[in-house]
Protein chains: 2
Amino acid sequence: MYRYLMETMPRLRARGAADAYLRECASRKVLDAIANKWTCLLVDALQDGPVRFGALRRRLDGITQKSLTQTLRALERDGMVIRTVYPTIPPRVEYALTDLGHSLVTLMEGIRRWSEDHVSEIMAAREEFERRAAEEPRPVPPI
Amino acid sequence: MYRYLMETMPRLRARGAADAYLRECASRKVLDAIANKWTCLLVDALQDGPVRFGALRRRLDGITQKSLTQTLRALERDGMVIRTVYPTIPPRVEYALTDLGHSLVTLMEGIRRWSEDHVSEIMAAREEFERRAAEEPRPVPPI
DNA sequence: CAGCATCCAATTGGATACTG
DNA sequence: CAGTATCCAATTGGATGCTG
């Protein structure tokens, strides 16, 4: 019943009601939408002001035009990014964070920094894991 | 100056030249590994101590056994989670965060809470966006 | 410049069956 | 209980070509 209300009546979802652990809670969809590397890097890259499409494309090394467009469109749809078209020649489109988008900057920057700060530890753990996997058999739950 | 910063600021030294914006930087892989909904919910769910496989499965509503196993295995491989097998009947396996895993809790909990806190705004923006898309034509860069 | 459309390979995710 | 194995549908991602 409660879950039914959460899912069908968005306005009833107050601060304490949403629960991302629940499959059908809309906040689970939000979590799924923001928890990915391109969203993280984009929000981080936009924190200091509007940036043009081409600049973002160069900054997010390795992103395809398709992925960049899709991610920007999703952020725009969800109210975190605003797209501004300037009627100039050549065409110019700028992307900027909304207030909602800005409220996510600290977290996203934190995720990016954490990745950079702990890369050595993680790569070491990864190699250690692979090394062990080649030597010892993996502990299995006994019957 | 740079030397000074590197030697006096632990994070700067630890991060070194890592840059998640670069495609070939290992930190990009780390970012890709931790930025997803299951990792976020798992790290959050493990913050108060060891949890059994079945309990995690019930807590992360909607996750399949396959995805749970895969995500836990990846976190274990990367040194964020430790797996402990107890030789009991029935079998019992507990998962716990390592120190490295614990260092990620605040960020992951932040992401989850942000999703829950802003679900109304986002769903409203999404509906508004779809409504506009049906009415007005999308602004296109002029030639 | 900033896209959209399309095709296709590759990865992912769910469902199911089986096991120590 | 806590997995592994397998099959298959679905989603994703890259590459390419075209356009206002």
Side-chain angles (χ1 to χ4, degrees), chain A residues 23-24 28-29 31-42 45-46 50-77 81-96 133 137-143, chain B residues 23-24 28-29 31-42 45-46 50-77 81-96 133 137-143:
Chain A
R23 161 180 45 183
E24 295 164 58
R28 167 70 69 84
K29 292 182 180 62
L31 178 60
D32 204 16
I34 66 173
N36 67 80
K37 68 171 181 288
W38 295 137
T39 296
C40 176
L41 291 175
L42 269 181
L46 292 172
V51 184
R52 294 184 66 171
F53 185 88
L56 288 172
R57 189 177 187 173
R58 286 185 294 276
R59 183 92 202 276
L60 276 64
D61 185 35
I63 195 171
T64 63
Q65 180 274 323
K66 183 181 177 181
S67 293
L68 180 55
T69 299
Q70 281 180 351
T71 309
L72 284 171
R73 205 66 76 240
L75 289 173
E76 190 191 356
R77 179 199 58 180
V81 158
I82 187 165
R83 174 181 182 261
T84 307
V85 178
Y86 296 95
T88 58
I89 298 174
R92 174 176 174 172
V93 179
E94 282 187 349
Y95 293 88
R138 180 173 185 75
V140 175
I143 187 167
Chain B
R23 162 182 43 185
E24 72 276 16
R28 167 71 70 83
K29 292 182 180 60
L31 178 60
D32 204 16
I34 66 173
N36 67 79
K37 67 173 182 287
W38 295 138
T39 295
C40 176
L41 291 175
L42 269 181
L46 292 172
V51 184
R52 294 184 65 172
F53 185 88
L56 287 172
R57 188 178 188 172
R58 286 185 295 277
R59 183 90 202 277
L60 275 65
D61 186 34
I63 195 171
T64 62
Q65 181 275 324
K66 183 181 176 180
S67 294
L68 179 54
T69 299
Q70 281 181 352
T71 309
L72 284 170
R73 205 68 77 241
L75 289 174
E76 191 192 355
R77 178 199 59 180
V81 158
I82 187 165
R83 173 180 182 260
T84 308
V85 178
Y86 296 95
T88 59
I89 299 174
R92 175 175 172 172
V93 179
E94 282 188 350
Y95 293 88
R138 179 171 187 76
V140 175
I143 189 166

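Below, read A as the first sequence line, B as the second, and so on, with proteins coming before strands; counting in each chain starts at 1. All values below come from the heavy atoms of this structure, side chains included, with hydrogens, waters and symmetry mates left out.
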Novice: So which nucleotide from dC7(C), dG3(C), dG14(C) ends up closest to the side chain of R73(A)?
Specialist: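 Of dC7(C), dG3(C), dG14(C), dG3(C) is nearest to the side chain of R73(A).
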
Novice: Nearest whole Å is fine: how far is dG3(C) P from Y86(A) OH?
Specialist: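 Distance, rounded to whole Å: 13 Å.
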
Novice: As an exercise, state the distance from CD1 of I34(A) to CG of L42(A), rounded to the nearest 0.5 Å.
Specialist: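 Between atom CD1 of I34(A) and atom CG of L42(A) there are 13.5 Å.
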
Novice: In whole angstroms, how far is the P atom of dA2(D) from the CG atom of L72(B)?
Specialist: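 Taking CG of L72(B) and P of dA2(D), I get 11 Å after rounding.
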
Novice: Looking only at the side chain of R52(A) (C-beta and beyond, no hydrogens), which of the listed nucleotides dG20(C), dC1(C), dG3(C) gets closest?
Specialist: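 For R52(A), the side-chain atoms sit closest to dC1(C).
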
Novice: Could you state the interatomic distance from CH2 (W38(B)) to CD (Q70(B)), rounded to the nearest 0.5 Å?
Specialist: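 Here the interatomic distance stands at 12.5 Å.
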
Novice: Does R57(B) place a side-chain N or O at less than 4.0 Å from the phosphate oxygens OP1/OP2 of dC1(D)?
Specialist: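 False: R57(B) side-chain N/O out of range (4.0 Å or more) of dC1(D) OP1/OP2.
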
Novice: T64(B) side chain N/O closer than 4.0 Å to the phosphate oxygens (OP1, OP2) of dA15(C)?
Specialist: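 For dA15(C), neither OP1 nor OP2 has a side-chain N or O of T64(B) closer than 4.0 Å.
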
Novice: Go through dA2(C), dG3(D), dC7(C) for me and flag the one nearest to the K66(A) side chain.
Specialist: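 Among dA2(C), dG3(D), dC7(C), the one nearest the side chain of K66(A) is dC7(C).
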
Novice: May I have the distance from L68(A) (atom CG) to dC1(C) (atom P), rounded to whole angstrom?
Specialist: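 That distance rounds to 14 Å.
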
Novice: What is the distance, to the nearest angstrom, from the CD atom on Q65(A) to the P atom on dG14(D)?
Specialist: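 To the nearest whole Å, that distance equals 12 Å.
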
Novice: Going from CZ on R23(B) to CG on L60(A), what distance comes out if it is rounded to the nearest 0.5 angstrom?
Specialist: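 Going from CZ on R23(B) over to CG on L60(A), the span is 12.0 Å.
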
Novice: Is there a side-chain contact between V93(A) and R83(A), using heavy atoms and a 4.5 Å cut-off?
Specialist: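 In short, these two side chains touch, coming nearer than 4.5 Å.
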
Novice: As a test of reading the structure: which of dA5(D), dA2(C), dC1(D) is closest to the side chain of F53(A), going by heavy atoms?
Specialist: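 In terms of side-chain proximity for F53(A), the closest of dA5(D), dA2(C), dC1(D) is dA2(C).
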
Novice: How many Å lie between OH on Y95(A) and C1' on dC1(C), as a whole number?
Specialist: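 Roughly 11 Å, once rounded to whole Å.
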
Novice: Looking at the side chain of P91(A), which of dG3(D), dG20(D), dG13(D) is the nearest nucleotide?
Specialist: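 Given the options dG3(D), dG20(D), dG13(D), the side chain of P91(A) is closest to dG20(D).
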
Novice: Ignoring backbone atoms, test whether R83(B) places a side-chain nitrogen or oxygen under 4.0 Å from the OP1 or OP2 oxygen of dA2(D).
Specialist: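 No, no such contact exists.
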
Novice: With a cut-off of 6.0 Å (strictly less than), are more than 12 heavy atoms of other residues, nucleotides or ligands near CG of L68(B)?
Specialist: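 Counting other residues, nucleotides and ligands, CG of L68(B) exceeds 12 neighbours.
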
Novice: To the nearest angstrom, how far is I89(A) atom CD1 from dC1(C) atom C1'?
Specialist: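 It works out to 11 Å between those atoms.
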
Novice: Round to a whole Å and report the spacing from CG of N36(B) to P of dT11(C).
Specialist: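 Taking atom P of dT11(C) as the reference, CG of N36(B) is at 17 Å.
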
Novice: Can you tell which of dG14(C), dC1(D), dC4(C) lies closest to the side chain of T69(A)?
Specialist: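 Comparing dG14(C), dC1(D), dC4(C) against the side chain of T69(A), the answer is dC4(C).
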
Novice: Give the rounded distance in Å between these two atoms: CZ of R92(A) and C1' of dC1(C).
Specialist: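 After rounding, the reported distance stands at 11 Å.
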
